[in-house]
Amino acid sequence: MPELPDAEKGKVVTRFPPEPNGYLHIGHAKASIVDYEYARMYDGKFILRFDDTNPENAQFEFYDVQKEDLRWLGVEWDKEYRTSDNLEKHYKLAEQLINQGDAYICNCSPDVIKEGRFHGKECCCRDVSCGENIDLWKDMILSSTEGTVLRLKGDMTCKNTAMRDPTLFRVIDKPHPIHGSRFRLWPTYDFAGAVEDSISGVTHPFRTKEYELRDECYFRLLDLLKLRKPHLMEFARLSIDGMPVSKRKIKPLIEQGLVTGYDDIRLPTLRGLKKRGILPEAIKQFVLSQGISKVESTVTFGIVEAFNRKLIDPTARRYFFVKDPVKLVVEGAPSKEKSIIFHPTDKKLGSRTIKTGKTFFVPKADMEKIKTGDVFRLKDLFNVKIKEKNDTIFAEYAGEELISESAKIQWTTDDFVKMKVFVPHLLFEGDKYNPDSLETVQGFAEKAVSTIMTGEIIQFERFGFVRIENTDNQVTGFFAHK
RNA sequence: GCUCCCGUGGUGUAGUCCGGUCAAUCAUUCCAGCCUUUCGAGCUGGCUACACGGGUUCGAAUCCCGUCGGGAGCACCA
């Protein structure tokens with residue numbers, strides 16, 4: 001990561017400010033990892049701040065859910081707090097603004113405000129005196145009539161529309177998950193974000209590029225409040241080809257039943273990625289490889305897969321899984337108790353023993369390519385020569401000698417476990433939902449697969465890496481990648 | 001419509017602030033070869049890029065202007 005401007009060892013403070021309203025996704029991972037890594041790089045501090053200033057959005061369960069997600073990612077915070085706990089401070093600062101004549105109460109309807117902004121016209125609420133505004137403000141805190149807002153006295157003719165008297169506070173008469181009905185007046189993002197970054201000591205806050213126009217407002221507010229100004233920075237939002245990386249796009253998919261939930265393996269949510277067998281370390285490497293530039297780009301998920309593959313390949317045990325199994329009977333096959341190692345290079349990963357007889361199952365797709373008379377090898381076992389191809393394939397034993405150019409095909413005996421593997425594909429092709437995005441592959445796995453612990457990531461040879469979910473005699477796999 | 005941001009190989013990124021050492025990084029993809037009892041991993045080699053036009057300068061990916069292309073904002077959501 002590039003150096004931070006005006007950064008001193010031991011003095012950098014960063015922050016990750018999620019709104020507790022959903023599960024974290026890879027976009028959050030990018031933000032939190034960048035914040036966290038910069039804090040570490042400079043021996044600084046990293047703050048987790050819940051931006052829960054909208055009781056309509058904040059939900060009790062998600063404070064903990066998001067912390068769990070972050071812990072899984074390996075992000076550790078030095079301090080944690082909620083913006084909502086500082087509400088009274090925000091009220092004081094707002095009052096200061098009103099007293100200085102820099103903010104005013106506005107009773108206009110949202111439509112009128114919008115109109116005024118669009119045409120650069122001030123409204124009559126702007127001319128009310130400070131004294132009157134203070135009275136109105138106090139009323140607003142106590143009796144909170146919905147529809148009344150506090151606005152910054154900005155510049156209604158400013159080219160930057162974010163400066164045309166943005167709303168600073170508004171009434172939301174809904175119970176808050178933490179504070180119940182104690183407050184009804186809540187700061188907007190513009191106010192709360194700037195104030196919190198400053199008073200919590202953050203030196204280098206990051207946000208995504210779409211907030212760029214708000215920088216001016218951010219600094220204006222801090223100027224007027226005579227608060228310290230952090231070194232605000234923006235980077236491009238992460239986008240992945242065929243995957244929705246935002247709460248806005250993910251939520252409707254769940255509501256419409258187009259995905260199975262927040263942990264659907266087609267989704268780039270942290271829970272989805274975990275279920276699929278993507279390691280937190282792979283997410284971290286991926287995110288850091290993207291950097292913090294402002295260039296908008298669409299990455300293929302293949303990059304994440306590549307990082308993940310490098311991480312899991314050395315430790316993933318190899319097993320046999322036969323997709324669309326076809327029965328193979330081998331005449332003259334010697335009965336064996338064959339010990340087969342779990343990993344081609346790392347012997348420490350051990351081995352399993354498989355008892356073989358004359359009956360095997362092999363993948364249909366492989367058998368379609370093989371003709372009568374051909375010789376192939378049951379991988380790690382022996383060679384076999386095809387005699388007759390029907391629904392069942394008949395073959396004869398063809399020796400132990402390794403023939404380098406013959407195909408090596410995975411197999412199971414008749415002592416197998418039935419299993420289902422869910423294979424994720426791109427959720428979207430262009431803008432269109434892909435109805436075939438979740439493929440179910442059925443097949444037989446060797447018996448040992450039934451004893452694998454839930455959560456272990458293995459490789460089915462010639463098939464791909466799979467995370468196993470093993471519950472109550474039901475063996476399921478989630479395909480990570482090739 | 002207005003405003004702002006962005007534009008380096010097939011993809012993604014480093015380099016742009018402070019012009020020369022940058023035809024130039026790293027990763028991934030693809031292709032070829034080696035290795036391998038997996039279509040996995042590893043190893044070797046290869047392809048291909050500074051959006052376009054003009055200006056400033058001895059010299060521009062880097063600074064300025066314009067064109068084109070992409071994205072975002074114009075909320076009482078963060």
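Order of the sequence lines fixes the chain letters, A, B, ..., with proteins taken first and strands second; residue numbering starts at 1 for each chain.
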N/O-N/O pairs, protein side and nucleotides 15-17 of chain B side, under 3.5 Å:
none

**Study point:** Donor-acceptor pair between A/Glu196 and A/Asn86 side chains, under 3.5 angstrom
**Key:** yes
Review point. Which base sits across from B/G19 as a Watson-Crick or G-U pair, both distances under 3.5 Å?
Key: none
Practice item. Indicate the ring-plane relationship of A/His28 and A/His25, choosing parallel, tilted or perpendicular according to the 30° and 60° boundaries. Key: tilted
**Study point:** Between C1' of B/U3 and CG of A/Asp215, the distance in whole Å
**Key:** 14 Å
Practice item. May I have the distance from A/Gln459 (atom CD) to B/U38 (atom P), rounded to whole angstrom? Key: 10 Å
**Study point:** Residues in salt bridge (charged side-chain N to carboxylate O under 4.0 Å, His left out) contact with A/Arg126, at least two apart in sequence or another chain
**Key:** A/Glu122, A/Asp165
Practice item. Could you point out which residue of A/Trp186, A/Tyr104, A/Trp137 forms a ring pair (Phe, Tyr, Trp, His ring centres under 6.0 Å) with A/Phe169? Key: A/Trp137
Exercise for review: Give the rounded distance in Å between these two atoms: CD1 of A/Ile458 and P of B/U38.
Suggested key: 17 Å
Review point. Under a 3.5 Å cut-off for both distances, is B/G7 Watson-Crick or wobble paired, and to whom?
Key: B/C68
Check your understanding: Atom CG of A/Asp313 to atom C1' of B/U38: distance rounded to whole Å?
Key -> 11 Å
Exercise for review: Would you classify A/Thr298 as touching base, sugar-phosphate or nothing, given that sugar-phosphate means primed atoms plus P, OP1 and OP2, and contacts are heavy atoms under 4.0 Å?
Suggested key: sugar-phosphate
Point to revise | Same-atom distance (C1') from B/C58 to B/G71, integer angstrom | key: 39 Å
Practice item. Between B/C65 and B/C18, how far apart are the C1' atoms? Round to whole Å, please. Key: 22 Å
Review point. In whole angstroms, how far is the P atom of B/U37 from the NZ atom of A/Lys347?
Key: 10 Å
Study note, to complete from the structure: To the nearest angstrom, the CG-P distance between A/Asn160 and B/U3 comes to 12 Å
**Study point:** P gap between B/C5 and B/A41, integer Å
**Key:** 43 Å
Exercise for review: Inspect the surroundings of NZ in A/Lys159 and state if more than 12 heavy atoms from other residues, nucleotides or ligands are less than 6.0 Å away.
Suggested key: no
Review point. Closest nucleotide of RNA chain B for A/Ala306 versus for A/Val299: which of these residues is on the 5' side?
Key: A/Val299
Check your understanding: Would A/Lys482 and A/Glu305 pass as an ion pair if we require N to O under 4.0 Å?
Key -> no
Point to revise | Interatomic distance, A/Ile403 CD1 vs B/U36 C1' [rounded to whole Å] | key: 17 Å
**Study point:** Span that lies between the P atom of B/A27 and that of B/G46, in whole angstrom
**Key:** 14 Å
Exercise for review: Take A/Phe460 and A/Phe465 through the ring pair (Phe, Tyr, Trp, His ring centres under 6.0 Å) test and state the conclusion after the steps.
Suggested key: CA-CA 6 Å; A/Phe460 282 140; A/Phe465 293 93; over 10 Å; no
Review point. When the nearest nucleotide of RNA chain B is assigned to A/Asp380 and to A/Gly302 on a heavy-atom basis, which residue is associated with the more 5' position?
Key: A/Gly302
Review point. Are A/Phe16 and A/Tyr36 close enough that their ring centres sit under 6.0 Å apart?
Key: no
**Study point:** Centroid-centroid distance, A/Phe444 to A/Phe320, less than 6.0 Å
**Key:** no
Check your understanding: So which nucleotide from B/U13, B/U37, B/C6 ends up closest to the side chain of A/Ser293?
Key -> B/U13
Practice item. Scan nucleotides 67-78 of chain B nucleotide by nucleotide, 5' to 3', and note B when protein non-hydrogen atoms come under 4.0 Å of the base, S if they reach only the sugar-phosphate, - if neither. Key: ---BSSSSSBSB
Pair up each side-chain donor or acceptor in residues 210-219 of chain A with any protein partner under 3.5 Å, not counting sequence neighbours, and list the distances.
residue  : atom : partner  : partner atom : Å
A/Glu210 : OE1  : A/Thr208 : OG1          : 3.3
A/Glu210 : OE2  : A/Thr208 : OG1          : 3.1
A/Glu210 : OE2  : A/Arg237 : NH1          : 2.4
A/Glu212 : OE2  : A/Lys294 : NZ           : 2.5
A/Arg214 : NE   : A/Asp190 : OD1          : 3.1
A/Arg214 : NE   : A/Asp190 : OD2          : 3.4
A/Arg214 : NH2  : A/Asp190 : OD2          : 3.3
A/Asp215 : OD1  : A/Arg207 : NH1          : 2.8
A/Glu216 : OE1  : A/Asn160 : ND2          : 3.0
A/Tyr218 : OH   : A/Asp197 : OD2          : 2.7

**Study point:** Identity of whatever pairs with B/C2 - Watson-Crick or G-U, under 3.5 angstrom
**Key:** B/G73
Exercise for review: Take the protein atom CD of A/Gln290 and the nucleotide atom C1' of B/U8, then report the distance between them rounded to whole Å.
Suggested key: 15 Å
Review point. Looking for any heavy atom pair under 4.0 Å, which part of the strands does A/Lys482 touch: base, sugar-phosphate only, or nothing?
Key: sugar-phosphate
Point to revise | Pairing residues for A/Asp223 by the side chain to side chain donor-acceptor pair (under 3.5 Å) criterion, not counting sequence neighbours | key: A/Lys229
Review point. Can you tell me the Watson-Crick or wobble partner of B/C31, both distances under 3.5 angstrom?
Key: B/G45
Review point. OP1 or OP2 of B/U13 sitting under 4.0 Å from any side-chain N/O of A/Ser297?
Key: yes
Practice item. Take atom C1' in B/G45 and the same atom in B/C35, then report the distance between them in whole Å. Key: 15 Å
Check your understanding: Around atom CZ of A/Phe60, are there more than 12 heavy atoms of other residues, nucleotides or ligands at under 6.0 Å?
Key -> no
Exercise for review: For nucleotides B/C52 and B/A78, find the distance between their P atoms and express it as a whole number of Å.
Suggested key: 43 Å
Exercise for review: Determine the interatomic distance between C1' on B/U16 and the same-named atom on B/U8; round to the nearest Å.
Suggested key: 11 Å
Practice item. Take atom C1' in B/U67 and the same atom in B/G10, then report the distance between them in whole Å. Key: 26 Å
Check your understanding: Within a radius of less than 6.0 Å around NZ of A/Lys385, do more than 12 heavy atoms belonging to other residues, nucleotides or ligands occur?
Key -> no
Review point. Do A/Asn308 and A/His481 get their side chains close enough for a donor-acceptor pair, meaning under 3.5 Å?
Key: yes
Check your understanding: Across the strands shown, which category fits A/Glu234 at heavy-atom distances under 4.0 angstrom: base, sugar-phosphate, nothing?
Key -> nothing
**Study point:** Protein-to-nucleotide contact annotation, 5' to 3' order, nucleotides 42-50 of chain B [B base; S sugar-phosphate only; - none; under 4.0 Å, heavy atom]
**Key:** S--------
